[in-house]
Amino acid sequence: MRYFAGFIEAKFISMSKNLVIVESPAKAKTIEGYLGKDYLVKSSFGHVRDLVKKDLSIDVAHDFQPVYEVMPDKRKVIKELKSLADTAEMVWLATDEDREGEAISWHLAEVLGLKDENTKRIVFHEITKQAITDAIKKPRTIDYNLVNAQQARRVLDRLVGFEISPILWKKVKPALSAGRVQSVAVRLIVEREEEIRNFKSTFSYKVSAIFTVDNESGKADLKADLPKRFAKKEEAVAFLELCKEAEFRVAGIETRPGKKSPAPPFTTSTLQQEASRKLGFSVSKTMMVAQQLYEEGKITYMRTDSVNLSTLALGAAKEEIHKLFGEAYVKTRQYATRTKGAQEAHEAIRPTYLSHSSVEGDPSRRKLYDLIWKRTIASQMADAVLERTNVTIDISTSKEHFVAEGEVIKFDGFLKVYLESSDDAGEKEEGILPPLKKGEKLGMQEISATQKFTQSPPRYTEASLVKKLEELGIGRPSTYAPTISTIQKREYIVKEDRDGVIRQYDHIVLKDGRIKETIQKEKTGYEKGKLFPTDIGELVTRFLIQYFNDIMDYNFTASVEKEFDEIAQGLKAWNQMIREFYGPFHARVEETMEIKEKMKGERLLGVDPKSGKNVYVKIGRFGSMAQIGDSDSPEKPRFAGMRKGQTLDAITLDEALKLFDFPRLIGQYEDHDITVGIGRFGPYVLHNKVFVSLKKTDDPATITVERGIELIEEKRNAAISNTIREFPERPDVKVLKGRYGPYISINKENYRIPKDKAPESLTLEECLKIAEASPATSKKKTAAKGKKK
DNA sequence: CAGTGAGCGAGCTTCCGCTTGACTT
């Protein structure tokens with residue numbers, strides 16, 4: 001009988017009077033604690049229903065009626081929510097208060113079959129007990145205008161993506177993609193690269209001096225620069241000549257007060273930027289670590305465009321700053337969001353408890369949390385008070401004058417905790433100036449003129465691309481990281497390091513009454529973790545600009561957002577808006593489909609001196625390649641794949657011809673030839689059917705046979721240390737150490753090892769049995785793929 | 001993991017935004 005009673009009780013608990021549905025499970029957990037036992041809080045895990053994945057799933061002929069389905073991975077959630085909703089007295093839809101959140105509530109209402117009389121819609125912007133109990137007191141109904149604005153957004157994106165992508169499959173390469181967000185992101189990178197390519201560096205001569213100050217306060221150095229720059233070396237030298245006999249005097253000292261204010265608390269975009277600049281994190285790494293911290297309740301939600309802090313947080317920050325630094329450092333501030341299209345459904349990213357200044361765990365977590373804590377605290381601290389000093393120094397033999405700048409921090413304020421970094425590494429270092437008096441004579445230690453070159457605009461990093469996209473109002477906090485990975489997966493862009501080149505520059509020094517000219521060397525153009533367009537990226541971008549200029553326009557998203565806003569305000573019907581867009585758009589799609597020839601980006605480089613045939617570069621099935629001979633000539637042309645870092649636009653005839661020098665015999669080892677070649681994955685040496693990749697520092701054009709043997713031996717040793725077990729009677733069966741732990745390899749097929757078996761002690765029989773029992777992982781993958789369709 | 005590059009045609013690919021795990025060789 002007790003068993004029976006227990007069963008009844010369990011059933012009763014699952015039948016809560018109130019069911020609250022939010023988007024995120026972590027949020028559900030927190031809120032449940034605030035609401036008490038009459039409320040069961042569950043999560044929808046984001047969107048639950050979407051356009052059918054295959055096909056357009058928009059009935060263009062019938063007012064663009066969308067065809068929705070519950071997403072396959074949400075069927076389980078919906079089943080559970082449905083049974084809870086059916087028995088609840090009231091269902092509270094508590095999804096985010098933005099377009100997407102409103103749509104989620106509507107889809108839930110539809111899919112769960114909710115009735116108006118026991119459905120309420122509530123919203124809150126911060127996860128505090130006060131905010132939630134307030135929200136419960138002020139329920140509303142679903143805002144269908146807002147829902148329709150979301151449908152317009154969704155349908156527009158599907159139309160653009162699913163009508164343009166097939167054009168690319170036909171005209172450029174299969175499996176490519178285009179979209180409102182990704183195509184513009186690629187365009188930014190392509191156009192930046194063009195700017196860099198077309199950039200003509202100019203130079204001028206910058207003059208700097210080191211003076212000696214020698215007065216009652218003691219002896220000190222004073223660094224100063226000449227505001228005027230010289231265009232020619234002769235002018236710079238002539239100026240230094242003038243300085244030889246000159247007298248230098250302090251002509252004026254000007255001091256003025258200044259201040260610095262803290263940056264606002266983090267949004268997704270600014271967190272990604274600072275984690276990139278200060279911690280060297282990729283955008284996706286930042287989001288992964290932030291997600292962990294969020295799930296553990298350490299920080300608030302990490303996908304937000306709001307800089308707002310809850311009153312609770314403001315109070316906690318004030319208290320914490322007071323405790324740590326004292327009253328003078330406290331300054332409560334409310335920041336206003338200036339970002340285009342911000343929806344502000346959440347708070348800024350901040351520590352849940354500001355009294356916790358650190359967290360446990362691996363370095364990434366600790367560093368990211370520390371960054372968030374400091375940024376939040378600093379945002380609520382007093383301005384830094386500065387004193388800036390400008391000293392002008394007269395030159396007796398010239399009407400030019402030197403200028404020395406100094407900055408003294410009178411009160412550090414928020415700088416005690418945190419200072420935002422900037423993307424361009426400013427070389428300006430301003431320090432404290434020695435005490436000086438007007439009219440004071442300065443001793444000259446040295447004056448130098450240095451040839452300085454103008455810099456091209458910088459290439460984007462992942463984080464600076466996110467910043468730019470946000471400025472343009474393109475993409476959302478939840479899509480910045482996925483967008484960057486999509487355009488890399490499609491091979492439109494690559495994230496790479498590039499070696500710089502050595503550049504010479506003039507350096508002229510006046511010291512001890514003599515002028516000495518030297519030529520110095522510096523490295524320029526060195527890049528680390530920057531985004532470069534690929535040939536495909538450039539080609540597709542050029543194509544899309546030509547035929548879909550309006551969608552590629554940087555203002556396209558902003559202008560459709562304006563229309564979505566009108567729909568949200570009930571001023572326009574969503575399918576009316578889509579109709580106006582689709583007419584001319586679809587006509588253009590049809591028109592473009594008519595064009596027969598493929599885009600190959602072919603470029604004639606010149607003539608091969610050996611054969612007298614034309615040399616081309618173009619995009620082939622496997623990427624960019626060089627070609628000797630014409631395609632329509634009776635003799636088959638020769639082909640060679642291009643190397644990483646080479647582009648159709650930049651490659652020269654000589655570089656292209658060098659590609660045909662491979663594969664090349666470099667010597668012998670153990671009675672077999674060693675050849676060096678360039679394959680799909682870069683340069684390699686081949687010995688007895690074994691490929692070994694060259695290291696970054698090896699040059700395939702000059703590699704010696706000795707180095708080749710070294711690489712082959714290295715690979716053999718690595719293979720030995722990765723081998724856990726071998727069986728002499730069956731050399732094709734091995735137990736190996738892989739990226740995801742030990743596995744069994746039989747004749748190039750891989751098998752997982754059951755958890756209860758120790759890989760070190762597996763016998764041949766056991767290995768074969770495991771293989772027998774489970775299909776090979778590689779086969780399984782293709783089988784699953786085929787079934788999924 | 002690897003040195004490829006005809007042309008045809010079947011059958012496939014694709015968007016943006018909300019959210020987390022499952023799973024990887």
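Proteins get letters first, then strands, A, B, ... in listed order; numbering begins at 1 in each.
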> Contact class for A/Gly179 vs. all strands (heavy atom < 4.0 Å): base, sugar-phosphate, or nothing?
Replying inline: sugar-phosphate
>> Using whole Å, what does the distance between atom P of nucleotide B/dC8 and atom CZ of A/Arg621 come to?
In response: 14 Å
>> Parallel, tilted or perpendicular, judged at 30° and 60°: which one describes the rings of A/Phe556 and A/Phe581?
In response: tilted
> Within this structure, what is the CG-to-C1' distance between A/Leu156 and B/dC16, rounded to whole angstrom?
Replying inline: 10 Å
>> Rounded to whole Å, please give me the gap between CE in A/Met625 and P in B/dA2.
In response: 20 Å
> Does the side chain of A/Gln292 pick up a donor-acceptor pair with the side chain of A/Glu296 at under 3.5 Å?
Replying inline: no
> Are A/Glu714 and A/Lys695 ion-paired here, with the side-chain N under 4.0 Å from a carboxylate O?
Replying inline: yes
> Roughly, in whole Å, what's the span from CZ in A/Arg643 to P in B/dA2?
Replying inline: 19 Å
>> Using a 4.0 Å heavy-atom cut-off, does A/Tyr616 contact any base of the nucleic acid, only the sugar-phosphate backbone, or nothing at all?
In response: nothing
>> Any salt bridge linking A/Arg588 with A/Glu163? Criterion: basic side-chain nitrogen under 4.0 Å from a carboxylate oxygen.
In response: no
> Which part of the nucleic acid does A/Leu176 contact within heavy-atom distance under 4.0 Å: base, sugar-phosphate only, or nothing?
Replying inline: sugar-phosphate
>> Heavy atoms only, 4.0 Å cut-off, all strands: where does A/Ala103 land among base, sugar-phosphate and nothing?
In response: nothing
> When we call it a touch if two heavy atoms are under 4.0 Å apart, what does A/Gln150 touch: a base, just sugar-phosphate, or nothing?
Replying inline: nothing
>> What stems show up for DNA chain B when you take Watson-Crick pairs (N1-N3 plus N6-O4 or O6-N4) and G-U wobbles (N1-O2, O6-N3), both under 3.5 Å, and require three or more consecutive pairs?
In response: none
> Do A/Ser631 and B/dA6 share a donor-acceptor pair, side chain to base, under 3.5 Å?
Replying inline: no
> Salt-bridged, A/Arg725 to A/Glu766, with N to O below 4.0 Å?
Replying inline: no
> Is there a donor on the side chain of A/Arg154 or the base of B/dC15 sitting less than 3.5 Å from an acceptor on the other?
Replying inline: yes
> Could you state the CE-P distance from A/Met288 to B/dG21, rounded to the nearest angstrom?
Replying inline: 14 Å
> Has A/Trp169 got its ring stacked on B/dT14, by the test of a centre gap below 5.5 Å and a plane angle below 30°?
Replying inline: no
>> Can you see if the side chain of A/Arg180 gets near the phosphate of B/dG17 - specifically, an N or O under 4.0 Å from OP1 or OP2?
In response: yes
> Which part of the nucleic acid, if any, lies within contact of A/Arg476, taking any heavy atom under 4.0 Å across all strands shown: a base, the sugar-phosphate backbone alone, or nothing?
Replying inline: sugar-phosphate
> How are the rings of A/Tyr684 and A/Phe691 set to each other: parallel, tilted or perpendicular (split at 30° and 60°)?
Replying inline: perpendicular
> Atom NZ of A/Lys76 to atom P of B/dG21: distance rounded to whole Å?
Replying inline: 11 Å
>> By the 4.0 Å heavy-atom rule, please label A/Ser177 as base, sugar-phosphate, or nothing.
In response: sugar-phosphate
>> Distance check needed: B/dT19 C1' versus A/His107 NE2, whole Å only.
In response: 14 Å
> Using a cut-off of less than 4.0 Å, is there contact between a side-chain N or O of A/Arg490 and OP1 or OP2 of B/dC15?
Replying inline: yes
> When the distance from CG of A/Asp50 to C1' of B/dT19 is rounded to whole Å, what number comes out?
Replying inline: 13 Å
> B/dA2 and B/dT25: how far apart are their P atoms, nearest whole angstrom?
Replying inline: 15 Å
> Where the side chain of A/Phe622 is concerned, which of B/dT20, B/dA2, B/dT4 is the nearest nucleotide?
Replying inline: B/dT4
>> Applying a 4.0 Å non-hydrogen cut-off, can you work out what A/Val160 is touching in the nucleic acid: base, sugar-phosphate, or nothing?
In response: nothing
>> Under the side chain to side chain donor-acceptor pair (under 3.5 Å) test against A/Glu100, which residue among A/Arg153, A/Arg476, A/Arg154, A/Gln343 passes?
In response: A/Arg153
> Any side-chain N or O of A/Ser165 under 4.0 Å from OP1/OP2 of B/dT13?
Replying inline: no
> Would A/Asp535 and A/Arg603 pass as an ion pair if we require N to O under 4.0 Å?
Replying inline: no
> Checking side-chain contact (heavy atoms from CB on, under 4.5 Å) against A/Tyr492, which of A/Thr541, A/Leu176, A/Leu539 comes through?
Replying inline: A/Leu176
> Taking only N and O in the side chain of A/Gln291, is any of them less than 4.0 Å away from OP1 or OP2 of B/dT20?
Replying inline: yes
>> Classify the ring geometry of A/Tyr582 against A/His586: parallel below 30°, tilted from 30° to 60°, perpendicular beyond 60°.
In response: parallel
>> Nearest heavy atom decides the nucleotide; on that basis, is A/Pro683 or A/Phe639 closer to the 5' end of DNA chain B?
In response: A/Pro683
>> Under a 4.0 Å threshold between the charged nitrogen and the carboxylate oxygen, would A/Asp157 count as salt-bridged to A/Arg180?
In response: yes
> Listed in order of residue number, which residues of residues 20-32 of chain A have a non-hydrogen atom at under 4.0 Å from DNA chain B?
Replying inline: A/Glu23, A/Ser24, A/Pro25
> Going by modelled atom types, is there a donor-acceptor pair between the base of B/dC18 and the side chain of A/Arg303 at under 3.5 Å?
Replying inline: no
> Which part of the nucleic acid, if any, lies within reach of A/Gly475 when heavy atoms closer than 4.0 Å are counted: base, sugar-phosphate only, or nothing?
Replying inline: sugar-phosphate
>> Minimum heavy-atom separation for A/Ile712 and A/Ile674, please, with both atom names.
In response: CD1-CD1, 3.9 Å
>> By the 4.0 Å heavy-atom rule, please label A/Tyr480 as base, sugar-phosphate, or nothing.
In response: nothing
